[in-house]
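Scroll down for the structure; my scribbles are underneath it.
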Amino acid sequence: MRYEDSYLYRLRHSAAHLLAQAVTELHPGAKLAIGPPVENGFYYDIEFPTQLREEDLPKLEAKMKELAKLDQRIERLEVSREEARALIVDEAIPGMGAAVADYKLQLLEGIPEGETLSFYNQQRTDREGTLHRFLDLCRGPHVDSTKEIKAFKLMTLAGAYWRGDVKNKQLTRIYGTAFETKEELELHLHNLEEAKKRDHRILGKELGLFMFSARVGTGLPLWLPKGATLRQVMTDFLQREQVKRGYDPVVTPAIGSTQLFIKSGHMANYREKMYPIMESGDDEAYVLKPMNCPFHMEIYASQMRSYRDLPVRYAEFGNVHRYEQSGEVTGILRARGFTQDDAHLFVRPDQLLDEFIGVVDLMQCVLKKLGLTNFRARVGTKDPSSDKYVGHDDNWTAAQEAIEAACQKLGLPYEVSAGDAAFYGPKLDLIIKDALGRDWQMGTVQVDYNLPERFELEYIGEDSKPHRPVMIHRAPFGSLERMIGLLTEQYAGAFPTWLAPVQIAILPIADRHNEAAEGLARQLRDTVFDDRPLRVSVDDRRETLGKKIRENQLQKVPYMLILGDKDLEEGTVGVRSREDGDLGAMALATFLERLSV
RNA sequence: GCCGAUGUAGCUCAGGGGUAGAGCAGCUGUUUCGUAAACAGCAGGUCGCCGGUUCGAAUCCGGCCAUCGGCUCCA
């Protein structure tokens with residue numbers, strides 16, 4: 001059953017109404033806007049006469065409990081438009097009338113003529129015998145009585161723009177959650193606590209992957225040895241795949257002349273996301289690049305291209321900087337400086353489908369290797385009612401069909417989302433959730449009709465005439481930062497062996513075993529695993545074995561090799577795996593066989 | 001950028017108008033040990049920064065900065 005059709009959904013919707021009822025009683029003059037159920041609960045957007053603070057939430061929650069217990073029946077009323085207006089103005093919040101009805105009236109105006117208008121009412125009589133009605137314009141459905149709302153909690157406050165538009169007034173959003181039983185609520189709160197332990201920002205610090213420094217600047221990560229190792233392993237893997245698939249590496253600078261970015265259109269359309277312009281004082285101005293594409297355009301345009309040269313595939317792990325708004329920066333999932341696993345493919349129209357298949361195949365290869373299964377693929381297509389797009393309709397149709405055909409051919413399930421195309425072309429995005437359930441866009445493939453036009457790119461066709469190539473922009477990881485952040489959360493820091501910064505920790509038991517441990521480390525570092533030398537550390541601190549095991553386990557090292565008198569005598573190593581614990585003594589060769597599985 | 005919250009030792013956190021506390025980490029010494037924390041001692045802080053109130057501020061107030069949750073925006 002769809003969540004929207006479930007009892008839980010109705011319960012949460014009713015909980016939102018209950019919250020609104022409590023607000024109208026405790027904060028007269030508050031203007032209700034909109035209060036729907038959402039994935040893990042509900043919210044209500046409200047304009048308060050005086051700004052609500054978090055310490056007000058317990059009072060609201062207590063009021064909600066009190067109102068819930070009264071067993072108020074929740075009744076549906078279907079009314080005409082005139083009645084609806086009258087209800088909103090005169091009665092929705094007793095005594096306040098039109099003064100608090102702004103948003104509801106706007107909502108009413110937004111409902112098309114002919115659609116059924118409904119209200120939901122819940123009412124009570126207080127000790128003095130006064131009737132308190134709470135009526136809210138709402139499509140419903142709801143549960144039958146407020147008594148059913150027993151297990152709920154108000155979570156947090158946030159600002160939210162009316163109708164999601166920055167130009168509108170910012171309302172106060174109260175987030176809450178509700179479940180059918182107290183046990184489910186407790187479980188949910190417990191799960192939230194657990195999820196926090198998977199947060200890449202916490203694990204990144206604990207595992208020594210990366211750090212931030214206020215002296216360096218917001219959103220600018222410093223990669224520590226273990227994190228930098230992870231990056232190397234990942235780029236190395238992708239680079240090899242790309243070589244197999246006919247990509248050529250290019251390298252371009254961190255900054256470029258404003259002339260370049262005027263030509264690409266970034267100065268006009270992307271300026272607010274760019275770090276300030278650098279003036280050199282002699283009529284030159286430069287910007288720190290927010291994207292790599294303009295540089296790759298220049299490389300393509302630098303020479304005559306024949307139809308026989310295409311496709312041209314330029315790949316670069318390009319370091320870009322974007323001045324994200326301060327409130328948007330989130331660890332390495334949303335940094336201001338990051339590295340795209342970028343490439344630009346310049347293709348003939350007749351090559352588009354095959355190139356797309358190639359790119360989607362690469363993406364699937366990457367996802368498989370990384371062990372990511374919990375992603376969604378979304379094909380963003382043109383919004384037919386908008387005219388903001390560049391490029392000819394025929395091209396768009398061909399490109400959209402190529403994207404879908406490639407996904408179908410390779411068995412990648414996808415959803416089509418009209419209006420999610422870029423203005424310069426349709427695209428395929430991979431979307432993954434983080435530990436806290438937030439969606440992040442990862443890998444992307446985008447067809448671009450805009451830049452080849454702006455840079456007047458050409459190739460000479462069979463007919464000896466110039467033609468315009470199509471450009472595909474693609475990044476299977478999306479960015480190294482975001483991918484590593486999400487992988488960290490997905491694996492809770494316990495990376496698969498091929499990816500783990502330290503794959504094997506050697507633990508000598510006493511000082512007299514240190515030399516043998518170093519020897520073993522050298523031997524292992526000469527051993528190739530997954531096409532790379534093994535990454536090995538030696539823990540020769542003067543600590544007990546138990547302590548070394550504990551700390552290496554907390555560092556999520558996949559294997560520990562314990563070396564003591566018995567092993568030196570018998571030519572074995574004591575093997576301990578991160579997942580299965582003590583595996584006992586075995587010959588090194590036996591361990592290495594196991595490792596390759 | 002906007003709304004709300006948080007900021008005490010390297011880390012996790014307690015305390016709170018009258019001279020700063022714990023555990024872990026660090027350092028020193030002892031221990032040389034077989035599968036998740038040996039023992040003892042020592043050292044470590046302008047309580048995010050700036051200003052105000054006060055006889056006195058880490059504590060109260062204001063501003064700023066950083067971080068966290070959300071909105072908007074995005075790889």
Side-chain angles (χ1 to χ4, degrees), chain A residues 38 43 45 48 51-57 155-175 192 196 199 201-202 205-206 211-215 217-219 270 272-273 290-291 318 320 322-336 338-342 422 429-432 436 438-444 446 473-483 485-486 507-514 542-554 560-567 574-578 581-585:
Chain A
V38 288
Y43 67 78
D45 284 350
F48 283 89
Q51 179 59 51
L52 202 68
R53 283 180 301 168
E54 219 149 78
E55 65 193 40
D56 297 318
L57 292 182
M155 303 296 285
T156 179
L157 289 180
Y161 301 104
W162 168 237
R163 296 198 150 140
D165 191 333
V166 242
K167 292 193 285 287
N168 290 337
K169 182 150 191 144
Q170 194 169 49
L171 310 174
T172 300
R173 175 170 297 180
I174 306 174
Y175 276 97
L192 280 180
K196 277 186 199 158
D199 189 315
R201 290 164 296 195
I202 295 175
K205 187 183 269 186
E206 285 176 0
M211 60 170 279
F212 290 92
S213 157
R215 260 191 293 277
T218 296
Y270 210 73
E272 74 284 2
K273 294 292 284 289
M291 294 186 191
V320 296
R322 299 180 185 173
Y323 196 79
E324 304 287 354
Q325 294 187 69
S326 58
E328 301 175 318
V329 174
T330 304
I332 54 172
L333 293 183
R334 184 84 179 266
R336 280 181 173 167
F338 60 97
T339 308
Q340 293 181 307
D341 54 330
D342 213 354
D429 293 323
L430 298 178
I431 297 156
I432 305 185
L436 299 178
R438 298 175 290 206
D439 276 340
W440 295 94
Q441 186 189 310
M442 307 291 301
T444 183
Q446 307 177 353
H473 168 118
R474 47 100 281 180
F477 295 154
S479 78
L480 270 172
E481 285 73 11
R482 189 170 282 182
M483 183 55 93
L486 285 157
L507 276 44
I509 288 178
D511 288 352
R512 63 180 175 280
H513 310 121
N514 286 356
R542 295 182 50 136
E543 294 289 354
T544 58
L545 181 62
K547 180 151 183 164
K548 292 181 185 183
I549 287 173
R550 175 180 161 80
E551 292 184 357
N552 281 284
Q553 185 75 32
L554 290 174
M560 292 177 232
L561 297 183
I562 290 143
L563 217 50
D565 289 335
K566 225 164 28 181
D567 300 294
V575 179
R576 187 185 169 94
S577 99
R578 179 177 63 194
D582 187 4
L583 300 177

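Throughout, protein chains are lettered first and strands after them, A, B, ... in sequence-line order, and every chain is numbered starting at 1.
Applying the ring-ring contact (aromatic ring centres under 6.0 Å, His included) rule to A/Phe477 yields no partners; only residues at least two apart in sequence or on another chain are considered. With sequence neighbours excluded, no residue satisfies ring-ring contact (aromatic ring centres under 6.0 Å, His included) with A/Trp440. Residues passing the side chain to side chain contact (heavy atoms under 4.5 Å, CB included) test with A/Ala160 are A/Asp45, A/Arg173, sequence neighbours excluded. Residues satisfying the side chain to side chain contact (heavy atoms under 4.5 Å, CB included) criterion with A/Ile509, sequence neighbours excluded, are A/His513, A/Leu545, A/Ile562. Every ring-ring contact (aromatic ring centres under 6.0 Å, His included) that A/Tyr175 has, sequence neighbours left out, goes to A/Tyr43. By the side-chain hydrogen bond (donor to acceptor under 3.5 Å, both in side chains) test, A/Glu272 is found to be paired with no residue, residues two or more places apart in sequence or in another chain being considered. Here A/Phe48 pairs with A/Val23, A/His27, A/Ala30, A/Ile46, A/Leu52, A/Thr172, A/Ile174 under the side chain to side chain contact (heavy atoms under 4.5 Å, CB included) rule; sequence neighbours left out. Checked against side chain to side chain contact (heavy atoms under 4.5 Å, CB included), A/Ile202 has the following partners two or more places apart in sequence or in another chain: A/Asp199, A/Glu206. When the salt bridge (Lys or Arg N to Asp or Glu O under 4.0 Å) test is applied to A/Lys205, no partner is found at least two apart in sequence or on another chain.
Checked by distance alone, A/Asp582 brings no side-chain donor or acceptor within 3.5 Å of a matching partner on the base of B/G34. Side chain A/Arg163 to base B/C71: no donor-acceptor pair is found below 3.5 Å.
Considering only side-chain atoms of A/Ser326, the nucleotide from B/G1, B/C71, B/A36 that sits closest is B/G1. Nearest nucleotide to the A/Lys273 side chain, out of B/G34, B/C74, B/A75: B/C74. You'll find that the side chain of A/Glu324 is closest to B/A75, out of B/A75, B/C71, B/U35. Out of B/G34, B/C74, B/A36, the shortest distance to the side chain of A/Ile562 is found at B/G34. Ranking B/G69, B/C71, B/U35 by closeness to the A/Tyr161 side chain, first place goes to B/C71.
Note on A/Gly164: only backbone sugar-phosphate atoms sit closer than 4.0 angstrom, heavy atoms only; bases stay farther off. Counting any heavy atom pair closer than 4.0 Å across all strands shown, A/Ala335 reaches a base atom. Contact annotation for A/Arg438: backbone-only contact, meaning every heavy-atom pair under 4.0 Å involves sugar-phosphate atoms and none involves a base. No contact: A/Asp342 has no heavy atom under 4.0 Å from any strand. Across all strands shown, A/Val329 has heavy atoms under 4.0 Å from sugar-phosphate atoms exclusively, and none from any base. Among the atoms of the strands shown, only primed sugar atoms or phosphate atoms (P, OP1, OP2) are found under 4.0 Å from some heavy atom of A/Met442. Across all strands shown, A/Leu436 has heavy atoms under 4.0 Å from sugar-phosphate atoms exclusively, and none from any base. Looking at heavy-atom distances under 4.0 Å, A/Tyr175 makes contact with sugar-phosphate atoms alone, never a base. Residue contacts for A/Gln441: at a heavy-atom cut-off of 4.0 Å it reaches the sugar-phosphate backbone alone, with no base atom in range. Contact annotation for A/Asp565: base contact, defined as any heavy-atom pair under 4.0 Å involving a base atom. Residue contacts for A/Thr339: at a heavy-atom cut-off of 4.0 Å it reaches no nucleic acid atom on any strand shown. Here A/Lys548 lies out of heavy-atom contact (under 4.0 Å) with every strand. The residue A/Arg173 sits close only to the backbone: its heavy atoms come under 4.0 Å of sugar-phosphate atoms, none of a base.
Remark: the separation of the P atoms in B/C65 and B/A57 is 25 Å, to the nearest Å. Between B/U19 and B/G41, the two P atoms lie 27 Å apart (nearest whole Å). Straight-line distance between the C1' atoms of B/A58 and B/C49: roughly 13 Å, to the nearest whole Å. Rounded to whole Å, the P atom of B/C27 lies 16 Å from the corresponding atom of B/G44. As rounded to the nearest Å, B/G4 and B/G45 have C1' atoms that lie 30 Å from one another.
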So which protein nitrogen or oxygen atoms get under 3.5 Å of nucleotides 4-13 of chain B's nitrogens or oxygens?
residue: B/G4; atom: O2'; partner: A/Glu54; partner atom: OE2; Å: 3.1

Using nucleotides 38-43 of chain B, report all nitrogen or oxygen pairs with the protein that are shorter than 3.5 Å.
residue: B/A38; atom: OP1; partner: A/Thr544; partner atom: OG1; Å: 3.4
residue: B/A38; atom: OP2; partner: A/Thr544; partner atom: OG1; Å: 2.3

Convert the base pairs of RNA chain B into dot-bracket notation, remembering that pairs crossing earlier ones are written with [ ] and that bases paired across to another strand are shown as |; include only Watson-Crick or G-U pairs under 3.5 Å. (((((((..((((....[..)))).(((((.......))))).....(((((..]....))))))))))))....
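The shortest side-chain heavy-atom distance between A/Lys167 and A/Tyr161 does not fall under the 4.5 Å cut-off.
Each of A/Gly327 and A/Ser479 has a nearest nucleotide on RNA chain B; the 5'-most of these lies closest to A/Gly327.
We find that the ring of A/Trp440 and the base of B/A75 do not stack by the test of centres under 5.5 angstrom and planes tilted less than 30°.
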